[in-house]
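All values derive from a computational prediction rather than experimental measurement.
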Amino acid sequence: MNALLRSRIAAIGLAAAALFGAPAQALEEVPFVTSPDNVTLEMLRIAQVGPQDRVIDLGSGDGRIVIVAAQRFGASGLGVEIVPDLVRQSQENARIAGVAERAQFRVEDIFQTDLSGASVITMYLLPDVNLALRPRLLALKPGTRIVSHDWDMGDWKPDQTTVLPVPDKKVGLDKTSKVQLWTVPAQVDGLWCGAGMLQGTQFAVQQKFQEFTATMTRGQRVRSYEGRIQGDTLHSLPGARTQMQLRLQGDQLVLAQADGALGLLKGAALTRANGAGCAD
């Protein structure tokens, strides 16, 4: 994973330039940089990678992330790399490690890669490239885990961050590496209308990435909520006066848990409004 490579960066620079409207020119050459072993392991640990996962590593370099994911964590994976020599090296490394069937590599532009089959995506790319990829990452299945070495996602704040010592680090002045994790949140912004036991209820959600505020209106009663979205589930913030949990199931928000009288409506659902309001 973990490589900022001359020819790859040139290709990424052109794609990022197109997305951001910048001049179509290759980025300045940068050296080939690999993630140290402790960083590689932490990236897979923080994402809780296991045998059920498929890892896609964007800019896979010598293949170490995908190989370690297969060898140490039992996952399957794909490394995407634009430099053919590195792909050949990765394939040979996977063969030597005995995981060639579960650790695959191909020459491909990361902006053309189909990400839909991944449960975990790992990256060691430049900040502007992360931002260029961000819309595609946010469109993935809720619960998909995204892990980046060092670079962030702008105003999409990470769910977890680990800082590790890297005494021999060749990039930057600090001898540390930052590993950051994001979990793709369900897209629930907008108005939701109650059905069945929640008939007559309106639930208006304002979402910013994995954070939300909401207002539930039922007759003259109005309740306000704020919380976080973890994959497909909305949780009230700890310590809030009223605790509530809603889960996105298909095109419905289903009440999974709540305090007080609202808890008696467990299993009731809200459906996204078709227009500006809810039908009576």
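- With hydrogens and angles left out, the side-chain atoms of S116 and D114 include a donor and acceptor closer than 3.5 Å.
- Using a 30° and 60° split on the angle between ring planes, F209 and W156 fall in the parallel class, below 30°.
- Under the 4.5 Å side-chain heavy-atom criterion for grouping Ile, Leu, Val, Met, Phe, Trp and Tyr, I146 is connected to L126 within one hydrophobic cluster.
- Following chains of ILVMFWY side-chain contacts shorter than 4.5 Å, one cannot reach V205 starting from V254, and the two form parts of different hydrophobic clusters.
- To the nearest 0.5 angstrom, R54 atom CZ is 5.5 Å from L78 atom CG.
- Counted within 6.0 Å of CD on E101, heavy atoms from surrounding residues, nucleotides or ligands total 12 or fewer; the atom is thus considered open.
- Atoms OG1 and CE, from T242 and M216 in turn, are 10.0 Å apart once rounded to the nearest 0.5 Å.
- Note that CD of Q91 and CD of E81 are 11.5 Å apart. Values are rounded to the nearest 0.5 Å.
- Screening residues 226-239 for salt bridge (Lys or Arg N to Asp or Glu O under 4.0 Å) gives D159-R228, E211-R228 as the qualifying pairs, with residues at least two apart or on separate chains.
- Partners of R106 by salt bridge (charged side-chain N to carboxylate O under 4.0 Å, His left out), not counting sequence neighbours, listed by chain and number: E108.
- Residues V188 and L262 fall within the same hydrophobic cluster, defined by Ile, Leu, Val, Met, Phe, Trp and Tyr side chains chained together at heavy-atom separations under 4.5 Å.
- Note that CG of L255 and CG of L270 are 8.0 Å apart. Values are rounded to the nearest 0.5 Å.
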